[in-house]
Amino acid sequence: MKIYKFKSGINDFDFESLTQNYYWASNVKELNDVFESTIDSTQIDKIFESLAKMINKDVGVEALKMLKNNTNEVLTNKDLFAIFSTSTDFKNELLWAHYANSHKGFCIEYDLELLRNVDGAKHVIINPIKYIKSPPKFNILDLVRNKENNIAGKVGFHKSKAWEYEKELRILTMKNGKVQYPFNAITGVYFGINSSEKLKNKVKKALQNHSVNFYEMKRKEKSYLLTHVNIHIQKDENRLHKILSNKTLDIKSINPKILSYKLFNFTNIGNLKITVNHLDTENHERFKDIIKSRLFPVTERFFLEIYDESNNQIY
């Protein structure tokens with residue numbers, strides 16, 4: 001499945017994120033919906049009131065109010081998770097207007113499965129937003145039966161029906177800020193109708209070592225619909241070879257092939273097992289530096305194992 005992120009192209013990190021293979025997961029406080037993570041905890045409040053009367057009739061109004069507030073803060077903890085918002089619709093004219101600088105920006109196409117496999121279910125939850133008329137209701141069973149990520153999942157995937165046009169598919173992650181994704185997660189880029197040639201060239205340069213399809217958005221004649229045309233189709237070549245291409249090292253002769261590739265954003269660790277045809281000892285460090293800068297630019301540490309064609313570990 002493909003998902004889409006609209007970019008204005010105004011900020012430098014719009015391009016840095018392309019070259020460094022990351023998306024930005026925002027803290028709830030940074031989002032543009034003032035009702036983000038709003039819940040209805042009326043049922044829990046009533047239970048607290050009843051319990052207070054049963055246990056101690058002299059429980060003060062202020063103490064009860066503090067108990068309710070503390071519970072609500074736990075349920076809607078704005079530091080509990082971070083959010084990366086995407087859409088399933090790249091032809092949505094309002095998204096182009098609101099998030100892509102009035103069609104002057106661009107839209108990134110991701111392979112959802114590659115994003116899903118980073119960190120695993122414990123640290124990444126991916127679901128479509130449920131658009132509802134009233135905030136989700138929480139009761140005491142939500143607390144008692146709470147399974148891993150259940151509260152975050154319920155709070156993080158509901159929005160007012162006013163936002164329904166966005167067709168949002170949300171990635172909820174336990175890490176705020178830069179979240180590394182696999183080097184081949186971007187599969188396409190769509191340029192807005194009003195995108196400048198300067199912006200197009202800047203995006204293409206940022207993705208020059210990737211195999212990415214590029215498109216331009218167009219108006220569909222005699223309608224209010226958008227369509228797109230191909231302006232560059234990726235060549236059928238090894239993506240790993242392309243992203244590791246380097247003038248000082250002949251990557252094609254080395255012919256690297258991935259045995260396993262893992263990202264652990266929650267702990268800022270990457271892990272790569274790779275085979276090569278032949279690699280001189282003097283080139284080990286150079287090759288490692290290329291891999292770090294191209295495959296793990298955001299991670300703080302990464303572990304590399306290099307094997308030869310006979311499956312003997314050489315690094």
Side-chain angles (χ1 to χ4, degrees), residues 1-3 16-23 25 84 108-126 148 171 173-175 178-189 206-213 233-315:
M1 179 179 175
K2 301 297 175 63
I3 56 173
E16 179 191 89
S17 63
L18 298 177
T19 58
Q20 295 189 9
N21 309 328
Y22 73 80
Y23 63 75
F84 180 57
I108 306 168
E109 176 185 86
Y110 296 97
D111 184 327
L112 178 60
E113 292 310 307
L114 291 176
L115 299 185
R116 189 189 300 277
N117 291 332
V118 175
D119 272 350
K122 289 185 178 181
H123 299 129
V124 176
I125 311 172
I126 301 177
E148 193 169 24
I171 298 177
T173 172
M174 301 301 116
K175 179 187 177 184
K178 295 179 180 180
V179 179
Q180 186 88 60
Y181 54 70
F183 68 93
N184 54 347
I186 294 181
T187 55
V189 172
L207 292 169
Q208 62 184 339
N209 291 321
H210 292 69
S211 296
V212 175
N213 294 327
I233 300 297
Q234 63 186 18
K235 297 178 181 178
D236 186 17
E237 59 181 290
N238 189 310
R239 287 192 177 190
L240 182 61
H241 288 188
K242 188 170 184 180
I243 199 169
L244 295 179
S245 62
N246 187 277
K247 294 179 180 179
T248 62
L249 197 61
D250 185 358
I251 299 297
K252 290 185 178 179
S253 66
I254 296 172
N255 191 29
K257 294 180 181 178
I258 289 179
L259 295 175
S260 67
Y261 176 89
K262 295 180 181 179
L263 286 166
F264 303 95
N265 283 301
F266 194 64
T267 53
N268 275 314
I269 294 175
N271 183 279
L272 177 69
K273 292 183 181 180
I274 196 168
T275 63
V276 297
N277 285 349
H278 28 195
L279 183 64
D280 297 335
T281 304
E282 62 185 49
N283 284 321
H284 284 170
E285 289 300 317
R286 189 185 306 171
F287 188 48
K288 184 186 75 173
D289 290 342
I290 295 171
I291 288 174
K292 176 66 174 74
S293 64
R294 303 289 178 80
L295 301 186
F296 303 102
V298 174
T299 54
E300 293 177 358
R301 293 184 295 158
F302 85 102
F303 299 94
L304 173 64
E305 296 178 30
I306 303 176
Y307 297 82
D308 62 20
E309 293 175 292
S310 301
N311 208 33
N312 297 312
Q313 188 169 352
I314 58 176
Y315 185 87

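Closest non-hydrogen pair, Pro297 versus Leu295, comes out as CD-C, 3.3 Å. Residue Ala25 comes nearest to Thr173 through the heavy atom pair CB-CG2, 3.5 Å, listed as atom of the first residue, atom of the second, then distance. Arg239 approaches Ile186 most closely through the heavy-atom pair NH1-O, 3.8 Å. Pro256 and Ile251 get closest at one heavy-atom pair: CD-O, 3.4 Å. When all heavy atoms of Leu114 and Ala185 are compared, the pair lying nearest together is CD1-CA, 3.7 Å. In this structure, Val212 and Gly188 approach most closely via the heavy-atom pair CG1-CA, 3.6 Å.
Every residue two or more places apart in sequence or in another chain that forms a side-chain contact (heavy atoms from CB on, under 4.5 Å) with Val118 is listed here: Pro182, Leu263, Asn265. Lys292 is linked by a salt bridge (charged side-chain N to carboxylate O under 4.0 Å, His left out) to nothing, counting only residues two or more places apart in sequence or in another chain. Listed by chain and residue number, nothing satisfies the side-chain hydrogen bond (donor to acceptor under 3.5 Å, both in side chains) test with Lys242 (two or more places apart in sequence, or in another chain).
Residues Leu240 and Phe183 meet the side-chain proximity criterion, which asks for heavy atoms closer than 4.5 Å. No side-chain heavy atom of Val179 sits less than 4.5 Å from a side-chain heavy atom of Phe84. Looking only at side-chain heavy atoms (C-beta outward), His278 and Asp308 stay at 4.5 Å or farther from each other. Taking the side chain as every heavy atom from C-beta outward, Ile108 and Leu18 approach each other to under 4.5 Å. Put simply, the side chain of Arg294 reaches to within 4.5 Å of the side chain of Asn246, judged on heavy atoms. Within the 4.5 Å cutoff, the side chain of Ile254 has no heavy atoms near those of the Leu244 side chain. Two residues are said to be in side-chain contact when any heavy atoms from C-beta on lie closer than 4.5 Å; Gln180 and Asn21 meet this criterion. Residues Glu309 and Asn277 form a side-chain contact, since some pair of their non-hydrogen atoms from C-beta on lies under 4.5 Å apart.
A donor-acceptor pair is defined here as one N or O able to donate and one able to accept, closer than 3.5 Å; no such pair exists between the side chain of Ser310 and the backbone of Asn312. Between the side chain of Arg116 and the main chain of Val124, no donor-acceptor pair closer than 3.5 Å is present.
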Side chain to side chain contact (heavy atoms under 4.5 Å, CB included) between Glu305 and Gln313: does it pass, once the steps are laid out? CA-CA 7 Å; Glu305 296 178 30; Gln313 188 169 352; 3.8 Å; yes
The test is side chain to side chain donor-acceptor pair (under 3.5 Å); show your working for Lys257 and Asn238 and say whether it passes. CA-CA 9 Å; Lys257 294 180 181 178; Asn238 189 310; over 6 Å; no
If you apply the rule side chain to side chain contact (heavy atoms under 4.5 Å, CB included), what do you find for Ser211 with Asn184, and how did you get there? CA-CA 8 Å; Ser211 296; Asn184 54 347; over 6 Å; no
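Note that CG of Asn213 is 7.5 Å distant from OG1 of Thr187, once rounded to the nearest 0.5 Å. The structure places CG of Leu279 at 12.0 Å from CG of Asn255, a figure rounded to the nearest 0.5 Å. To the nearest 0.5 angstrom, Ile314 atom CD1 is 10.0 Å from Ile274 atom CD1. For the atom pair Ile3 CD1 and Glu113 CD, the distance stands at 9.5 Å (nearest 0.5 Å). The distance from atom CG of Leu272 to atom CG of Leu304, rounded to the nearest 0.5 Å, is 5.5 Å. We find the OG1-CG distance between Thr19 and Asn209 to be 10.0 Å, quoted to the nearest 0.5 Å.
A ring pair (Phe, Tyr, Trp, His ring centres under 6.0 Å) check over residues 294-315, counting only residues at least two apart or in different chains, returns the pairs Tyr261-Phe296, His284-Tyr315, Phe296-Phe302. Here salt bridge (charged side-chain N to carboxylate O under 4.0 Å, His left out) pairs that include residues 178-187, with residues two or more places apart or in two chains, are Glu16-Lys178. Listed by first and then second residue, the salt bridge (charged side-chain N to carboxylate O under 4.0 Å, His left out) pairs that reach into residues 269-290 are Glu285-Lys288, sequence neighbours excluded.
Checked against a 6.0 Å centroid threshold, the rings of Tyr23 and Tyr110 do not count as neighbours.
At most 12 non-hydrogen atoms from other residues, nucleotides or ligands lie less than 6.0 angstrom from NZ of Lys262.
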